[in-house]
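Input: a single structure, listed below in C-alpha coordinates.
Here is how names work: the chains are called A, B, and so on, in the same order as the sequence lines, proteins then strands, and each is numbered from 1. Worth saying up front: this structure is predicted, and the values here are computed from it rather than measured. Computation of the quantities below employed the complete heavy-atom set of this structure, encompassing side-chain atoms and omitting hydrogens, waters and symmetry-equivalent molecules.
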Number of protein chains: 2
Amino acid sequence: MAYAKVEHDVVIDKLMEVFRSAGYDGASMAALAEATQLKKASLYHRFPQGKEEMAHAVLRYVANWAKNRITDVLVSDSTREERLDSALNAIDELYDGGRLDCILRALSHGSAANLFRKETGAIFETLIRSFKHLAMDFGHDEQHAEQLAGELIVKIQGTLIVQRSLGGTSMFKAMLDDMRTKFMKTNL
Amino acid sequence: MAYAKVEHDVVIDKLMEVFRSAGYDGASMAALAEATQLKKASLYHRFPQGKEEMAHAVLRYVANWAKNRITDVLVSDSTREERLDSALNAIDELYDGGRLDCILRALSHGSAANLFRKETGAIFETLIRSFKHLAMDFGHDEQHAEQLAGELIVKIQGTLIVQRSLGGTSMFKAMLDDMRTKFMKTNL
DNA sequence: TTTCAAATACCGAACGATCGGTAAAGAAAT
DNA sequence: ATTTCTTTACCGATCGTTCGGTATTTGAAA
(Lines give C-alpha, C1' and ligand atoms only; values in the text may rest on other atoms or scores of the structure.)
Protein backbone atom coordinates (compact mmCIF):
# COMPACT_ATOMS: atom_id res chain seq x y z
CA MET A 1 0.00 0.00 0.00
CA ALA A 2 1.34 3.41 -0.91
CA TYR A 3 1.88 5.47 2.18
CA ALA A 4 1.55 9.14 2.85
CA LYS A 5 4.30 11.29 1.50
CA VAL A 6 4.14 14.89 2.52
CA GLU A 7 6.35 17.75 1.40
CA HIS A 8 8.46 19.32 4.12
CA ASP A 9 7.01 22.77 3.53
CA VAL A 10 3.50 21.43 3.79
CA VAL A 11 4.32 19.71 7.06
CA ILE A 12 5.77 22.92 8.49
CA ASP A 13 2.74 24.87 7.39
CA LYS A 14 0.35 22.44 9.02
CA LEU A 15 2.40 22.30 12.21
CA MET A 16 2.30 26.08 12.39
CA GLU A 17 -1.44 26.03 11.93
CA VAL A 18 -1.88 23.76 14.94
CA PHE A 19 0.64 25.58 17.13
CA ARG A 20 -0.84 28.99 16.41
CA SER A 21 -4.40 27.97 17.12
CA ALA A 22 -3.87 25.54 20.00
CA GLY A 23 -0.74 27.00 21.57
CA TYR A 24 2.37 24.99 22.38
CA ASP A 25 0.85 23.09 25.30
CA GLY A 26 -2.47 22.60 23.60
CA ALA A 27 -0.87 21.20 20.45
CA SER A 28 -1.00 17.47 21.09
CA MET A 29 1.00 15.00 19.06
CA ALA A 30 -2.30 13.48 17.98
CA ALA A 31 -3.47 16.84 16.61
CA LEU A 32 -0.12 17.52 14.94
CA ALA A 33 -0.20 14.08 13.35
CA GLU A 34 -3.73 14.49 12.07
CA ALA A 35 -3.02 17.94 10.64
CA THR A 36 0.10 16.81 8.78
CA GLN A 37 -1.44 13.52 7.63
CA LEU A 38 1.53 11.75 9.14
CA LYS A 39 1.43 9.22 11.95
CA LYS A 40 2.97 10.20 15.25
CA ALA A 41 5.91 7.87 14.73
CA SER A 42 6.59 9.44 11.34
CA LEU A 43 6.68 12.88 12.87
CA TYR A 44 9.33 11.58 15.25
CA HIS A 45 11.30 10.34 12.29
CA ARG A 46 11.37 13.85 10.83
CA PHE A 47 11.73 15.61 14.16
CA PRO A 48 13.63 13.28 16.52
CA GLN A 49 13.41 15.80 19.37
CA GLY A 50 9.64 15.83 19.14
CA LYS A 51 7.39 18.80 19.69
CA GLU A 52 10.21 21.12 20.63
CA GLU A 53 12.07 20.45 17.39
CA MET A 54 8.87 20.94 15.42
CA ALA A 55 8.35 24.33 17.01
CA HIS A 56 11.94 25.27 16.25
CA ALA A 57 11.43 24.29 12.62
CA VAL A 58 8.30 26.41 12.47
CA LEU A 59 10.15 29.38 13.93
CA ARG A 60 12.89 28.99 11.34
CA TYR A 61 10.19 29.10 8.70
CA VAL A 62 8.67 32.21 10.26
CA ALA A 63 12.03 33.97 10.43
CA ASN A 64 12.43 33.22 6.77
CA TRP A 65 8.95 34.51 6.01
CA ALA A 66 9.75 37.74 7.85
CA LYS A 67 12.92 38.18 5.85
CA ASN A 68 11.21 37.55 2.50
CA ARG A 69 7.95 39.34 3.07
CA ILE A 70 9.06 42.20 5.31
CA THR A 71 12.77 42.89 5.58
CA ASP A 72 13.66 42.36 1.92
CA VAL A 73 10.56 44.15 0.71
CA LEU A 74 11.29 47.19 2.84
CA VAL A 75 14.69 47.69 1.22
CA SER A 76 13.59 46.97 -2.35
CA ASP A 77 13.84 49.59 -5.04
CA SER A 78 10.16 50.46 -5.29
CA THR A 79 8.74 53.64 -3.81
CA ARG A 80 8.44 53.92 -0.06
CA GLU A 81 4.64 53.97 -0.32
CA GLU A 82 4.69 50.72 -2.30
CA ARG A 83 7.07 49.12 0.18
CA LEU A 84 4.90 50.16 3.12
CA ASP A 85 1.78 48.79 1.46
CA SER A 86 3.49 45.53 0.54
CA ALA A 87 4.66 44.94 4.08
CA LEU A 88 1.35 45.83 5.69
CA ASN A 89 -0.51 43.70 3.18
CA ALA A 90 1.77 40.79 3.99
CA ILE A 91 0.88 41.21 7.65
CA ASP A 92 -2.80 41.48 6.87
CA GLU A 93 -2.54 38.24 4.90
CA LEU A 94 -0.49 36.48 7.55
CA TYR A 95 -3.17 37.04 10.18
CA ASP A 96 -6.09 36.80 7.74
CA GLY A 97 -7.30 40.24 8.72
CA GLY A 98 -6.87 39.51 12.41
CA ARG A 99 -8.79 36.25 12.42
CA LEU A 100 -5.73 34.13 13.02
CA ASP A 101 -3.51 33.95 16.04
CA CYS A 102 0.17 34.92 16.05
CA ILE A 103 2.58 32.00 16.11
CA LEU A 104 5.17 34.08 17.96
CA ARG A 105 2.72 34.70 20.76
CA ALA A 106 1.60 31.08 20.81
CA LEU A 107 5.21 30.01 21.31
CA SER A 108 5.86 32.58 24.05
CA HIS A 109 3.59 31.29 26.79
CA GLY A 110 2.98 28.34 29.04
CA SER A 111 5.69 25.72 29.04
CA ALA A 112 7.07 27.29 25.86
CA ALA A 113 7.80 30.54 27.66
CA ASN A 114 11.50 29.86 28.09
CA LEU A 115 12.08 27.46 25.22
CA PHE A 116 11.95 29.80 22.24
CA ARG A 117 12.59 33.24 23.67
CA LYS A 118 15.79 33.73 21.70
CA GLU A 119 14.12 32.92 18.40
CA THR A 120 10.93 34.90 18.96
CA GLY A 121 12.92 37.82 20.30
CA ALA A 122 15.17 37.84 17.24
CA ILE A 123 12.18 37.89 14.92
CA PHE A 124 10.52 40.73 16.81
CA GLU A 125 13.77 42.67 16.68
CA THR A 126 14.13 42.07 12.96
CA LEU A 127 10.61 43.27 12.29
CA ILE A 128 11.04 46.39 14.38
CA ARG A 129 14.39 47.21 12.80
CA SER A 130 12.96 46.78 9.30
CA PHE A 131 9.99 49.04 9.90
CA LYS A 132 12.25 51.54 11.62
CA HIS A 133 14.30 51.87 8.48
CA LEU A 134 11.18 52.37 6.44
CA ALA A 135 9.97 55.05 8.82
CA MET A 136 13.26 56.86 8.38
CA ASP A 137 12.77 56.68 4.62
CA PHE A 138 9.58 58.63 5.21
CA GLY A 139 11.62 61.31 6.93
CA HIS A 140 11.00 60.44 10.56
CA ASP A 141 14.02 61.01 12.77
CA GLU A 142 15.67 57.94 14.24
CA GLN A 143 14.06 58.14 17.65
CA HIS A 144 10.60 58.69 16.25
CA ALA A 145 11.11 55.95 13.66
CA GLU A 146 12.04 53.44 16.32
CA GLN A 147 9.05 54.43 18.41
CA LEU A 148 6.74 54.12 15.42
CA ALA A 149 8.07 50.69 14.45
CA GLY A 150 7.70 49.42 18.01
CA GLU A 151 4.19 50.80 18.18
CA LEU A 152 3.23 48.90 15.04
CA ILE A 153 4.51 45.56 16.30
CA VAL A 154 2.98 46.06 19.74
CA LYS A 155 -0.37 47.06 18.29
CA ILE A 156 -0.44 44.06 15.99
CA GLN A 157 -0.09 41.77 19.00
CA GLY A 158 -2.43 43.74 21.22
CA THR A 159 -5.13 44.12 18.60
CA LEU A 160 -5.08 40.41 17.84
CA ILE A 161 -5.75 39.68 21.51
CA VAL A 162 -8.36 42.32 22.20
CA GLN A 163 -10.17 41.66 18.93
CA ARG A 164 -10.34 37.96 19.77
CA SER A 165 -12.47 38.80 22.80
CA LEU A 166 -14.46 41.66 21.28
CA GLY A 167 -15.14 39.89 18.00
CA GLY A 168 -15.08 41.07 14.41
CA THR A 169 -12.15 42.13 12.25
CA SER A 170 -12.62 45.89 12.12
CA MET A 171 -10.14 46.68 14.90
CA PHE A 172 -7.29 45.00 13.09
CA LYS A 173 -8.03 46.65 9.76
CA ALA A 174 -8.46 50.05 11.38
CA MET A 175 -5.20 49.63 13.26
CA LEU A 176 -3.26 48.82 10.08
CA ASP A 177 -4.83 51.81 8.31
CA ASP A 178 -4.00 54.09 11.19
CA MET A 179 -0.39 52.95 11.35
CA ARG A 180 -0.07 53.36 7.62
CA THR A 181 -1.18 56.95 7.99
CA LYS A 182 1.26 57.55 10.83
CA PHE A 183 4.17 56.23 8.79
CA MET A 184 3.33 58.48 5.86
CA LYS A 185 2.74 61.63 7.90
CA THR A 186 6.25 62.88 8.47
CA ASN A 187 5.51 66.28 9.93
CA LEU A 188 3.51 66.03 13.13
CA MET B 1 -4.75 14.42 60.75
CA ALA B 2 -5.66 18.07 60.41
CA TYR B 3 -6.40 18.88 56.82
CA ALA B 4 -5.95 21.97 54.70
CA LYS B 5 -8.49 24.71 54.96
CA VAL B 6 -8.01 27.52 52.54
CA GLU B 7 -9.94 30.75 52.23
CA HIS B 8 -11.95 31.13 49.05
CA ASP B 9 -10.15 34.32 48.04
CA VAL B 10 -6.78 32.68 48.50
CA VAL B 11 -7.86 29.76 46.36
CA ILE B 12 -9.04 32.10 43.60
CA ASP B 13 -5.80 34.02 43.75
CA LYS B 14 -3.69 30.89 43.45
CA LEU B 15 -5.83 29.54 40.64
CA MET B 16 -5.37 32.80 38.76
CA GLU B 17 -1.64 32.59 39.27
CA VAL B 18 -1.52 29.19 37.64
CA PHE B 19 -3.89 30.07 34.81
CA ARG B 20 -2.08 33.25 33.92
CA SER B 21 1.36 31.68 33.84
CA ALA B 22 0.52 28.27 32.38
CA GLY B 23 -2.48 29.17 30.24
CA TYR B 24 -5.78 27.34 30.34
CA ASP B 25 -4.55 24.19 28.64
CA GLY B 26 -1.27 24.18 30.47
CA ALA B 27 -2.94 24.52 33.86
CA SER B 28 -3.21 20.91 34.97
CA MET B 29 -5.40 19.83 37.86
CA ALA B 30 -2.25 18.64 39.60
CA ALA B 31 -0.69 22.10 39.31
CA LEU B 32 -3.89 23.82 40.41
CA ALA B 33 -4.12 21.48 43.41
CA GLU B 34 -0.53 22.04 44.43
CA ALA B 35 -0.83 25.82 44.13
CA THR B 36 -3.99 25.99 46.21
CA GLN B 37 -2.77 23.44 48.76
CA LEU B 38 -5.93 21.47 48.14
CA LYS B 39 -6.18 17.94 46.83
CA LYS B 40 -7.71 17.47 43.42
CA ALA B 41 -10.88 15.99 44.89
CA SER B 42 -11.26 18.98 47.18
CA LEU B 43 -11.04 21.32 44.23
CA TYR B 44 -13.83 19.33 42.62
CA HIS B 45 -15.87 19.75 45.78
CA ARG B 46 -15.55 23.53 45.51
CA PHE B 47 -15.77 23.64 41.73
CA PRO B 48 -17.93 20.69 40.65
CA GLN B 49 -17.55 21.60 36.96
CA GLY B 50 -13.78 21.41 37.25
CA LYS B 51 -11.29 23.59 35.44
CA GLU B 52 -13.92 25.47 33.50
CA GLU B 53 -15.75 26.51 36.64
CA MET B 54 -12.47 27.54 38.25
CA ALA B 55 -11.68 29.78 35.31
CA HIS B 56 -15.15 31.29 35.48
CA ALA B 57 -14.64 32.01 39.17
CA VAL B 58 -11.32 33.64 38.40
CA LEU B 59 -12.91 35.79 35.72
CA ARG B 60 -15.62 36.88 38.15
CA TYR B 61 -12.84 37.91 40.52
CA VAL B 62 -11.09 39.82 37.75
CA ALA B 63 -14.27 41.62 36.73
CA ASN B 64 -14.66 42.66 40.33
CA TRP B 65 -11.05 43.80 40.48
CA ALA B 66 -11.58 45.92 37.36
CA LYS B 67 -14.65 47.53 38.87
CA ASN B 68 -12.91 48.32 42.17
CA ARG B 69 -9.50 49.34 40.92
CA ILE B 70 -10.38 50.96 37.61
CA THR B 71 -14.02 51.80 36.97
CA ASP B 72 -14.88 53.07 40.45
CA VAL B 73 -11.59 54.92 40.80
CA LEU B 74 -12.07 56.72 37.50
CA VAL B 75 -15.38 58.22 38.64
CA SER B 76 -14.27 59.09 42.18
CA ASP B 77 -14.21 62.68 43.41
CA SER B 78 -10.46 63.23 43.31
CA THR B 79 -8.76 65.20 40.55
CA ARG B 80 -8.52 63.73 37.09
CA GLU B 81 -4.75 63.51 37.40
CA GLU B 82 -5.05 61.54 40.63
CA ARG B 83 -7.63 59.23 39.10
CA LEU B 84 -5.46 58.60 36.05
CA ASP B 85 -2.44 57.85 38.22
CA SER B 86 -4.43 55.54 40.48
CA ALA B 87 -5.74 53.52 37.57
CA LEU B 88 -2.39 53.26 35.79
CA ASN B 89 -0.68 52.33 39.04
CA ALA B 90 -3.25 49.60 39.60
CA ILE B 91 -2.42 48.23 36.16
CA ASP B 92 1.30 48.46 36.82
CA GLU B 93 0.78 46.50 40.05
CA LEU B 94 -1.50 43.94 38.43
CA TYR B 95 1.17 43.00 35.91
CA ASP B 96 4.10 43.61 38.23
CA GLY B 97 5.63 46.10 35.85
CA GLY B 98 5.02 43.84 32.89
CA ARG B 99 6.62 40.75 34.39
CA LEU B 100 3.35 38.89 34.76
CA ASP B 101 1.07 37.58 32.09
CA CYS B 102 -2.49 38.79 31.56
CA ILE B 103 -5.16 36.40 32.75
CA LEU B 104 -7.59 37.66 30.10
CA ARG B 105 -5.15 36.72 27.38
CA ALA B 106 -4.41 33.38 29.02
CA LEU B 107 -8.11 32.55 28.95
CA SER B 108 -8.58 33.65 25.34
CA HIS B 109 -6.50 31.06 23.54
CA GLY B 110 -6.25 27.37 22.84
CA SER B 111 -9.19 25.30 23.97
CA ALA B 112 -10.33 28.26 26.10
CA ALA B 113 -10.79 30.40 23.00
CA ASN B 114 -14.54 29.95 22.83
CA LEU B 115 -15.30 29.19 26.47
CA PHE B 116 -14.86 32.60 28.08
CA ARG B 117 -15.20 35.05 25.23
CA LYS B 118 -18.28 36.68 26.70
CA GLU B 119 -16.62 37.31 30.05
CA THR B 120 -13.27 38.48 28.72
CA GLY B 121 -15.00 40.66 26.15
CA ALA B 122 -17.17 42.26 28.82
CA ILE B 123 -14.13 43.08 30.94
CA PHE B 124 -12.26 44.58 27.99
CA GLU B 125 -15.32 46.68 27.16
CA THR B 126 -15.65 47.85 30.74
CA LEU B 127 -12.01 48.88 30.87
CA ILE B 128 -12.18 50.74 27.58
CA ARG B 129 -15.40 52.51 28.55
CA SER B 130 -13.93 53.57 31.90
CA PHE B 131 -10.78 55.02 30.40
CA LYS B 132 -12.82 56.67 27.68
CA HIS B 133 -14.79 58.59 30.30
CA LEU B 134 -11.57 59.66 31.95
CA ALA B 135 -10.17 60.83 28.65
CA MET B 136 -13.25 62.96 28.14
CA ASP B 137 -12.69 64.46 31.58
CA PHE B 138 -9.35 65.60 30.23
CA GLY B 139 -11.16 67.39 27.43
CA HIS B 140 -10.72 64.91 24.61
CA ASP B 141 -13.72 64.72 22.33
CA GLU B 142 -15.70 61.48 22.37
CA GLN B 143 -14.16 59.96 19.27
CA HIS B 144 -10.63 60.75 20.34
CA ALA B 145 -11.33 59.56 23.88
CA GLU B 146 -12.55 56.20 22.63
CA GLN B 147 -9.53 55.85 20.38
CA LEU B 148 -7.19 56.70 23.24
CA ALA B 149 -8.82 54.23 25.63
CA GLY B 150 -8.67 51.47 23.05
CA GLU B 151 -5.04 52.28 22.34
CA LEU B 152 -4.20 51.91 26.03
CA ILE B 153 -5.83 48.51 26.39
CA VAL B 154 -4.33 47.24 23.13
CA LYS B 155 -0.87 48.47 24.05
CA ILE B 156 -1.03 46.85 27.47
CA GLN B 157 -1.66 43.49 25.82
CA GLY B 158 0.80 44.01 23.01
CA THR B 159 3.58 45.27 25.21
CA LEU B 160 3.21 42.34 27.58
CA ILE B 161 3.73 39.96 24.67
CA VAL B 162 6.56 41.73 22.91
CA GLN B 163 8.36 42.46 26.15
CA ARG B 164 8.16 38.79 27.10
CA SER B 165 10.29 37.95 24.07
CA LEU B 166 12.57 40.97 24.15
CA GLY B 167 13.16 40.85 27.91
CA GLY B 168 13.31 43.54 30.56
CA THR B 169 10.54 45.71 31.92
CA SER B 170 11.36 49.07 30.36
CA MET B 171 8.91 48.74 27.47
CA PHE B 172 5.94 48.35 29.78
CA LYS B 173 6.92 51.24 32.01
CA ALA B 174 7.64 53.50 29.03
CA MET B 175 4.31 52.57 27.47
CA LEU B 176 2.38 53.49 30.62
CA ASP B 177 4.26 56.78 30.88
CA ASP B 178 3.58 57.58 27.26
CA MET B 179 -0.12 56.83 27.56
CA ARG B 180 -0.33 58.93 30.70
CA THR B 181 1.12 61.84 28.75
CA LYS B 182 -1.31 61.29 25.89
CA PHE B 183 -4.29 61.32 28.24
CA MET B 184 -3.19 64.56 29.85
CA LYS B 185 -2.36 66.38 26.63
CA THR B 186 -5.75 67.58 25.51
CA ASN B 187 -4.76 69.85 22.65
CA LEU B 188 -2.88 68.00 19.93
C1' DT C 1 19.19 -1.65 -18.43
C1' DT C 2 18.69 -4.67 -14.71
C1' DT C 3 19.58 -6.09 -10.02
C1' DC C 4 19.59 -5.69 -5.30
C1' DA C 5 21.23 -4.11 -0.97
C1' DA C 6 21.64 0.11 1.70
C1' DA C 7 19.40 4.12 3.08
C1' DT C 8 15.33 6.59 3.86
C1' DA C 9 10.50 7.23 5.19
C1' DC C 10 6.50 5.59 7.24
C1' DC C 11 3.49 3.01 10.37
C1' DG C 12 1.08 -0.13 14.15
C1' DA C 13 1.47 -1.12 18.68
C1' DA C 14 2.82 -0.33 22.97
C1' DC C 15 5.41 2.18 26.75
C1' DG C 16 5.22 4.70 31.43
C1' DA C 17 3.45 8.99 32.94
C1' DT C 18 0.04 12.17 33.51
C1' DC C 19 -4.37 13.83 32.20
C1' DG C 20 -9.27 15.19 34.08
C1' DG C 21 -12.47 13.11 36.94
C1' DT C 22 -14.97 10.06 40.70
C1' DA C 23 -16.35 7.07 44.80
C1' DA C 24 -16.00 6.16 49.38
C1' DA C 25 -13.90 6.87 53.75
C1' DG C 26 -12.53 10.11 57.37
C1' DA C 27 -12.25 14.55 59.83
C1' DA C 28 -14.37 19.09 61.28
C1' DA C 29 -18.17 21.92 62.10
C1' DT C 30 -23.01 22.59 63.28
C1' DA D 1 -26.18 13.20 64.59
C1' DT D 2 -26.11 15.44 60.42
C1' DT D 3 -23.88 18.15 57.22
C1' DT D 4 -19.83 20.05 55.06
C1' DC D 5 -15.35 19.62 53.60
C1' DT D 6 -11.05 17.08 52.84
C1' DT D 7 -8.58 12.96 51.86
C1' DT D 8 -7.08 8.51 50.05
C1' DA D 9 -7.36 5.58 46.42
C1' DC D 10 -8.55 4.75 42.13
C1' DC D 11 -10.52 4.99 37.21
C1' DG D 12 -10.28 5.18 31.94
C1' DA D 13 -8.37 8.20 28.55
C1' DT D 14 -4.81 10.61 26.60
C1' DC D 15 -0.28 12.46 26.91
C1' DG D 16 4.56 12.46 24.58
C1' DT D 17 7.60 9.03 23.26
C1' DT D 18 9.80 4.67 21.61
C1' DC D 19 10.49 0.34 19.21
C1' DG D 20 10.21 -3.30 15.78
C1' DG D 21 9.17 -3.82 11.42
C1' DT D 22 7.41 -2.63 6.61
C1' DA D 23 7.21 0.04 2.45
C1' DT D 24 9.58 3.03 -0.77
C1' DT D 25 13.47 5.25 -2.87
C1' DT D 26 18.29 5.53 -4.07
C1' DG D 27 22.38 4.44 -6.35
C1' DA D 28 26.02 1.64 -7.56
C1' DA D 29 27.48 -2.81 -9.18
C1' DA D 30 26.47 -6.16 -12.71
Selection from C/dC11, D/dG16, C/dC19 that lies nearest to any side-chain heavy atom of A/Ser28: D/dG16
Close side-chain approach of B/Glu81 and B/Phe138, heavy atoms under 4.5 Å: yes
Under 4.0 angstrom between A/His45 side-chain N/O and C/dC10 OP1 or OP2: no
Candidate nucleotides D/dT8, C/dC19, C/dC11, ranked by approach to the side chain of B/Ala30 - the nearest: C/dC19
Integer-rounded Å distance: D/dC5 C1' and B/Phe47 CZ: 13 Å
Contact residues, residues 106-117 of chain B to DNA chain C [heavy atom, < 4.0 Å]: none
Sugar-phosphate only, base, or nothing, as touched by B/Ala31 at under 4.0 Å among non-hydrogen atoms: nothing
Distances for protein N/O vs nucleotides 17-19 of chain D N/O pairs under 3.5 angstrom?
from, atom 1, to, atom 2, distance (Å)
D/dT17, OP2, A/Tyr44, OH, 2.2
D/dT17, O5', A/Tyr44, OH, 2.7
D/dT17, O4, A/Lys40, NZ, 3.2

Euclidean distance, A/Thr36 OG1 relative to A/Arg46 CZ, rounded to 0.5 Å: 8.0 Å
Sequence neighbours left out, cut at 3.5 Å: what donor-acceptor pairs do the side chains of residues 55-62 of chain B make with other protein atoms?
from, atom 1, to, atom 2, distance (Å)
B/His56, ND1, B/Glu52, O, 3.2
B/His56, NE2, B/Glu119, OE2, 2.9

Between C1' of C/dG20 and CG of B/Asp25, the distance in whole Å: 13 Å
Closest non-hydrogen atom pair between A/Leu43 and A/Leu38, with its separation: CD2-CD1, 4.2 Å
Minimum side-chain heavy-atom gap A/Glu151-A/Lys155 below 4.5 Å: yes
Cationic N near anionic O, under 4.0 Å, A/Arg20 to A/Asp101: no
Geometric class of the B/Tyr24/B/Phe19 ring pair [parallel <30°, tilted 30-60°, perpendicular >60°]: parallel
Nucleotide pairing, DNA chain D (Watson-Crick or G-U, distances under 3.5 Å), in dot-bracket with [ ] and |: ||||||||||||||||||||||||||||||
Donor-acceptor side-chain pairing of B/His109 and A/Arg105 below 3.5 angstrom: yes
N or O in side chain of B/Ser42 less than 4.0 angstrom from D/dC5 OP1/OP2: no
A/Leu32 backbone acceptor or donor facing A/Lys40 side chain under 3.5 Å: no
C/dC10 OP1/OP2 closer than 4.0 Å to side-chain N/O of A/Arg46: yes
Touch class at under 4.0 angstrom, heavy-atom based, for A/Ala33 against every strand present: nothing
Residue pairs involving residues 123-139 of chain B (criterion side chain to side chain donor-acceptor pair (under 3.5 Å); sequence neighbours excluded): B/Thr71-B/Ser130, B/Arg83-B/Asp137, B/Lys132-B/Glu142, B/Lys132-B/Glu146
Rounded interatomic separation in angstrom, taking CG from A/Leu38 and P from C/dC11: 6 Å
Check residues 87-96 of chain B and write down every donor-acceptor pair under 3.5 Å in which the side-chain atom is one partner and the other belongs to a residue at least two apart or another chain.
from, atom 1, to, atom 2, distance (Å)
B/Asn89, ND2, B/Asp85, O, 3.2
B/Asp96, OD1, B/Arg99, NH2, 3.4
B/Asp96, OD2, B/Arg99, NE, 3.2

Spacing between A/His8 atom NE2 and C/dC10 atom P, to the nearest angstrom: 12 Å
